[in-house]
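Note sheet for the following structure.
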There are 2 protein chains.
Amino acid sequence: MGATKSDQFTEEQNKLALLAKALGHPARIAIIEYLLKVDSCICGDIVGVLPLAQPTVSQHLKELKNAGLIKGNIEGTAICYCIDEAGFEKIKSFFEHVSLSLAKKKYNCC
Amino acid sequence: MGATKSDQFTEEQNKLALLAKALGHPARIAIIEYLLKVDSCICGDIVGVLPLAQPTVSQHLKELKNAGLIKGNIEGTAICYCIDEAGFEKIKSFFEHVSLSLAKKKYNCC
DNA sequence: ACTATTTATCGTAATATTGCAATATACAAA
DNA sequence: TTTGTATATTGCAATATTACGATAAATAGT
């Protein structure tokens, strides 16, 4: 064995896990933070910002895109990346649900 | 290679990535959801709820604990697990930061 | 002390992720 | 068409994760 038993869990659980997993690498957190900082899209300067080789960065970008956390547009010879708000909305609402449930709890005994 | 280059990123980025990674598996999402649902702590019935063997569940619980997302207390012969609010607060605030930054953005061009 | 119950750890096989060199692709400009 | 620039893909090695059987550790009850 070794493969995740995704089929044993709900689609919702798998979707949330995939979103969380996509953020489960410091390089990908760094990419999101940079995208937020530049107040627009990134059109070609991500590789220079990260301490990783170009193919590695490309791979991380692909994963964020697959997860639905960023979007990419071809813009001439460069590619323009930006945050995909829908994906963030989805995972953010999970944490809001957690907060709400915790507030309603009678005791959190540990 | 193959090892994550954690030392090339900030402590903050690594911390967030670790929290996200801990939630990056459907079984661990399921554990959190169950902990929220039972309106108290779990004292021994997690294994019966998940479609995984006992050692596997134990391992997932350990990862959630290491990440600071749950806490565990020995309670006689059973162990009592519950949500660790501090960890969730930390990651929730990241998503709030993302939302705020997005709202301030002039254009999200893609 | 013995037995049953619950959770943790060890060992290991299967699979996934990370990272990069080499290479391919796509487009713009000369 | 050739050259340069930017990004993606391929292939592979190193490492990490996932899952579970076997076993250990801890405690409660008899």
Side-chain angles (χ1 to χ4, degrees), chain A residues 1-9 13-14 17-31 34-35 41-67 69-82 110, chain B residues 1-9 13-14 17-31 34-35 41-67 69-82 110:
Chain A
M1 282 114 219
T4 298
K5 290 182 140 187
S6 316
D7 53 318
Q8 304 278 351
F9 299 96
Q13 287 165 341
N14 277 299
L18 283 177
L19 281 165
K21 194 159 154 184
L23 291 170
H25 192 292
R28 298 197 287 267
I29 293 283
I31 289 171
Y34 186 67
L35 272 168
C41 301
I42 297 177
C43 302
D45 48 0
I46 295 196
V47 173
V49 173
L50 293 176
L52 297 169
Q54 181 268 323
T56 309
V57 173
S58 186
Q59 201 172 288
H60 283 307
L61 287 167
K62 191 178 170 186
E63 271 172 76
L64 284 170
K65 203 172 163 189
N66 284 342
L69 290 166
I70 65 175
K71 290 184 281 188
N73 260 18
I74 297 170
E75 189 98 356
T77 178
I79 288 199
C80 186
Y81 278 111
C82 62
C110 308
Chain B
M1 284 110 220
T4 299
K5 290 179 136 188
S6 317
D7 52 319
Q8 303 279 347
F9 299 94
Q13 287 164 342
N14 278 299
L18 283 177
L19 282 166
K21 194 160 154 184
L23 292 169
H25 191 291
R28 296 195 290 266
I29 294 284
I31 289 172
Y34 186 67
L35 272 168
C41 301
I42 296 178
C43 302
D45 48 359
I46 295 197
V47 173
V49 173
L50 292 176
L52 296 170
Q54 180 268 323
T56 311
V57 173
S58 185
Q59 202 171 288
H60 283 307
L61 287 167
K62 190 177 170 185
E63 270 172 76
L64 284 170
K65 202 171 162 191
N66 282 343
L69 290 166
I70 66 175
K71 290 183 282 188
N73 260 19
I74 298 171
E75 190 96 355
T77 178
I79 288 199
C80 184
Y81 278 112
C82 63
C110 305

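Given the structure is predicted, the values throughout are model-derived calculations rather than measurements. Just so we're on the same page: letters track the sequence lines, and every chain starts at 1.
Applying side chain to side chain contact (heavy atoms under 4.5 Å, CB included) to B/I31 and the options B/L64, B/L69, B/V49 leaves one that passes, B/L64.
Computed from coordinates, the B/I70 CD1 to C/dT7 C1' distance equals 13 Å when rounded to whole Å. In this structure, CG of B/D45 is placed 17 Å from P of C/dT5, rounded to the nearest angstrom. Rounded to whole Å, the distance from CD on B/Q59 to P on D/dA24 is 19 Å. To the nearest angstrom, C1' of C/dT9 lies 14 Å from CG of B/N66. Rounding to whole angstrom units, CD of residue B/Q54 and P of D/dA24 are separated by 15 Å. Nucleotide D/dT7 holds its C1' atom 11 Å from the NZ atom of A/K65, rounded to whole Å. One atom, NE2 of B/H60, and another, C1' of C/dT7, lie 16 Å apart when rounded to the nearest Å. C/dT7 atom P lies 9 Å from atom CG of B/L61, rounded to whole Å.
The phosphate of D/dA8 has OP1 or OP2 within less than 4.0 Å of a side-chain N or O from A/S58. Distances shorter than 4.0 Å separate some side-chain N or O of B/T56 from OP1 or OP2 on D/dC20. Look at A/K21 and you'll find a side-chain N or O under 4.0 angstrom from OP1 or OP2 of C/dT17. Taking side-chain N and O atoms only, B/Y81 has no distance below 4.0 Å to OP1 or OP2 of C/dT6.
At least one donor-acceptor pair under 3.5 Å links the side chain of B/N14 to the backbone N or O of B/S6. Within the 3.5 Å criterion, the main-chain N or O of B/L23 finds no donor-acceptor partner in the side chain of B/R28.
The two residues A/F9 and B/L50 have their closest heavy-atom pair at CE2-CD2, 4.1 Å. Heavy-atom minimum distance, A/G24 versus B/K21: O-CD, 3.4 Å.
When distances are taken from the side chain of A/L52 to each of D/dG21, D/dA19, C/dG19, the shortest belongs to C/dG19. Distance from the side chain of B/K62 is smallest for C/dT9 among the nucleotides C/dT18, D/dA19, C/dT9. Side-chain proximity of A/A53 to C/dC20, D/dG21, C/dT18: nearest is C/dC20.
Residue-to-nucleotide proximity on DNA chain C shows that, of B/K5 and B/I46, the 5′-proximal contact is made by B/I46.
At a threshold of 4.0 angstrom between heavy atoms, the contacts of B/E63 are confined to the sugar-phosphate backbone, with no base atom among them.
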